[in-house]
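Here's the structure, in structure tokens; my notes come after.
When reading the values below, keep in mind they use all heavy atoms of this one structure, side chains included, and skip hydrogens, waters and symmetry mates.
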Amino acid sequence: MVYQSIEKAKNSYDVIVVGSGLGGLTVSNRLARAGHQVLLLEHHHRLGGLATWFKRKNHTFDVSLHGFPYGMVKTCRKYWNEAIKNSIVQLKNIVFDNPQFSLTTTFDRQDFTRILQEKFSISGSVIDDFFVTVRKMNFYDDLAMSTRELFEEFFPGRSDVHRLLMEPITYANGSTLDDPAITYGIVFSNFMDKGVFTFQGGTDHLIGMMSDELEANGVTICTKSKVERIVVEKGRVKGVMVDGRVISAPCVISNSGITNTVDELTGRDAFPDDFLADFDKVKINNSSCQVYMGIKPGESFPDVGDLLFTSTAPSFDSLEMRDMKTKSRTFSIYYPQTRPANPDYTVVASMNGNYDDWADLTDEEYKAAKQEMIERSLVDLERYIPDIRSKIDWLEAATPKTFSRYTLHTKGTSFGTKFPGLDISRKIFKVVPGLFHVGSVGIIMSGWLGAINYGVIVANDADAFLRS
Amino acid sequence: MTRGEIKDVILEIIADIDEDADMDGLNPDEPLRDQLDLDSMDFLDIVMELRKRYKLQIPEADYPELATLTSCINYLEPKLKAL
Ligand SMILES: Cc1cc2nc3c(=O)[nH]c(=O)nc-3n(C[C@H](O)[C@H](O)[C@H](O)COP(=O)(O)OP(=O)(O)OC[C@H]3O[C@@H](n4cnc5c(N)ncnc54)[C@H](O)[C@@H]3O)c2cc1C
């Protein structure tokens, strides 16, 4: 699809959405379907935000398509369309390999129950109790209990069990044992429902279908359009400043990070002191590092699993996982069936990362650190695919600086904010009428499913405002 | 709108949201959530659809009123009387 150039955008709309991550795309689609005139502005040259891909040689690399919960099926059917829903397929081979245990699972409640009983000798009733407890957790429940306390209650002293339960979630949303148990319970239960799913055809296919749907519903889309400022006058939203002019709208929805939205785009002057006091307590989540590997045309390797949670660290430690030299990484293995129309083998190694570790390096140091990370990833992957080096024809690394450059997020945060960010995001329109925020916040509203569902929730708020 | 018409509207909206919903055996006094496998996102869809159709604003504090078919009708009847 060819996007509109910003010069051709009209002078006013009902709603302007700043940013086209999955939250921004979904809020745009919902509001357009509800009959509002929507302008969607994206600074990058393509839509999707972190749900993105890039091409090198004959390879297409997916950045954040490693797995999402089954809930995406219902969500895509209701808020997007059948074709999008029908592209969702299961990843059946999830592998864990670390000094404490090695196993393969379908990552659902039934299989986890089996594994916890057979491999970890936990009694069936404790496992059931644990599943029932986490399933019942709600975001408005008590926040006092941490995930560590939850694990200690059910599996005291069992660092191996804690690792099995926590490691995938730490990769999925940056949370640690110190985050509230409810954020863990909600996300973990979503996955345990039916396992891990992916999108056949790849991220490019998904975003292509979403952009067609937006066009059919009448959304005006302008890429390469960085919003410089959200304009607030007399306490209300007036529009946005982009490409040197003001486009007006009574409602602006920012899909930029919540910290950027308040500090940079809107400016602190627009907010009351008590709101800012709460806002200043919000902490952002960590960023990521990745290594992308492309396999030569004609080469192949056997099925070693779809998603490999690997580590040579002695036990689970979220700080170790964010370290520049972490020994913990997930390998996402993309087989030819990922893109049946363009069959290829690629591997993406993902690690958590701290922006500050990478930001202050000199150019030389930065290059060297990337090279070392590539090398460590290859050494680890050789344990599963011994001859991988000889088959690779593309190697490239991304760091927190890369994520920050493409999304503009504060310190390249991959998963928005810790839990209190959700409250800030939810109440922003109560302090500045017409200003809404959508996008990864509060751990539970991050990830593909979280970001899309949050788009629906915010669309409902914005629709109520526009019709009031 | 009559109570019967309101009931039809609610069932129609639910059918749009959940194509597999089995409305035949529905007990009007039992929570919809338990009988039809509706989640909180589905209730949000009902709220948004009612607003679109009838300009009806349902504040978040009133969402519990939508729990059963009967409580929905009781809640909506005075608001939709004029239509
Ligand atoms: C490495 C990595 C792996 C991941 N893997 C998974 C996974 O396997 N499964 C899963 O469910 N989730 C995964 N996630 C998380 C998931 O990708 C995100 O939670 C989700 O895509 C975020 O959507 P969002 O709506 O918050 O917006 P974002 O994707 O953060 O997008 C925000 C958009 O706003 C734009 N923007 C910002 N400021 C401006 C401005 N001033 N003007 C115009 N545009 C602006 C940005 O360019 C960007 O396009 C992963 C994330 C990372 C980083």
**Prompt:** So which part of Thr75(A) gets closer than 4.5 Å to some heavy atom of chain B, the side chain, the backbone, both or neither?
**Reply:**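 Neither part.
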*Heavy-atom distance under 4.5 Å to chain B: side chain of Arg30(A), backbone, both or neither?*
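For Arg30(A), the contact with chain B is made by backbone and side chain together.
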- Asn460(A) side chain reached by Asp45(B) side chain, heavy atoms, under 4.5 Å: no
For [X], look at atom [atom1] and say whether over 12 heavy atoms of other residues, nucleotides or ligands are found less than 6.0 Å away.
X	atom1	result
Tyr75(B)	OH	yes
Tyr70(A)	OH	no
Arg236(A)	CZ	no
Lys7(B)	NZ	no
Gln110(A)	CD	no

Expected contact set for residues 46-59 of chain B against chain A at heavy-atom separation under 4.5 Å reads Val47(B), Met48(B), Arg51(B), Lys52(B), Gln57(B)
**Asked** Heavy atoms under 4.5 Å from chain A: which residues of residues 9-29 of chain B carry them?
**Response**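 Residues of residues 9-29 of chain B touching chain A at under 4.5 Å: Ile17(B), Asp18(B), Glu19(B).
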Here the gap from Leu44(B) atom CG to Asp463(A) atom CG, rounded to the nearest 0.5 Å, amounts to 10.0 Å
Between Lys74(A) and Asp37(B) the two heavy atoms that sit nearest each other are NZ-O, 3.7 Å
Minimal heavy-atom distance between Asn453(A) and Met41(B), with the atoms involved, is O-CE, 3.4 Å
Filtered by a 4.5 Å non-hydrogen cutoff, the part of residues 416-448 of chain A contacting chain B is Arg426(A)
Taking a cut-off of under 4.5 angstrom between non-hydrogen atoms, the residues of residues 179-188 of chain A near chain B are none
